[in-house]
Amino acid sequence: MRASLRAKIVQVCDKKIAAKGDNVGVSFYAFFANKNDDPELLMEAAEWWIKTHCLDHFEKAVKIKAMVLAGD
């Protein structure tokens with residue numbers, strides 16, 4: 001996964017955790033605007049989330065952040 005996407009995921013997770021606590025969930029759509037302005041990046045996130053890690057639609061933000069920081 002490219003570094004810019006990893007940084008965006010960590011940023012969004014941090015923001016959601018700060019606002020709603022450690023129990024907040026996210027989907028990979030949380031890292032994108034409501035319009036599909038970068039389909040390649042969206043597919044990169046989707047592949048990491050769905051194909052590589054077989055994650056559920058919603059996962060805990062703390063889990064996703066930890067995975068990204070660990071380089072998974």
When clusters are formed by joining ILVMFWY residues with side-chain heavy atoms under 4.5 Å apart, either directly or through shared neighbours, do Leu55 and Leu41 land in the same one? yes
Just wondering, do Asp22 and Lys60 contact through their side chains at under 4.5 Å, heavy atoms? no
Same cluster (ILVMFWY, side-chain, under 4.5 Å), Val24 and Ile9: no
Has the side chain of Glu47 got a donor or acceptor atom that lies under 3.5 Å from a matching backbone atom of Thr52? no
Smallest heavy-atom separation, Phe58 atom then Gly25 atom, equals CD2-C, 4.2 Å
For a quick test of reading the model, state the closest non-hydrogen atom pair linking Met1 to Glu44 and the distance between them. CA-OE2, 3.2 Å
How are the rings of Tyr29 and His57 set to each other: parallel, tilted or perpendicular (split at 30° and 60°)? tilted
Examine Val10 and Trp49 and state if one hydrophobic cluster contains both, with Ile, Leu, Val, Met, Phe, Trp and Tyr joined whenever side-chain heavy atoms are less than 4.5 Å apart. yes
Examine Ile50 and Val68 and state if one hydrophobic cluster contains both, with Ile, Leu, Val, Met, Phe, Trp and Tyr joined whenever side-chain heavy atoms are less than 4.5 Å apart. yes
Set of residues satisfying ring-ring contact (aromatic ring centres under 6.0 Å, His included) with respect to His53, sequence neighbours excluded: Trp48
Grouping I, L, V, M, F, W and Y whenever their side-chain heavy atoms are under 4.5 Å apart, do Met67 and Val62 come out in a common cluster? no
How close do Ile17 and Ala61 get, counting heavy atoms only, and between which atoms? CG1-CB, 3.8 Å
Is Asp56 reaching over with its side chain to a backbone N or O of Glu59, donor-acceptor style, under 3.5 angstrom? no
In short, Asp72 meets Arg6 closest at the heavy-atom pair O-NH2, 3.3 Å
I want to check something: taking the side chain as every heavy atom from C-beta on, are Leu42 and Phe28 in contact at a cut-off of under 4.5 Å? yes
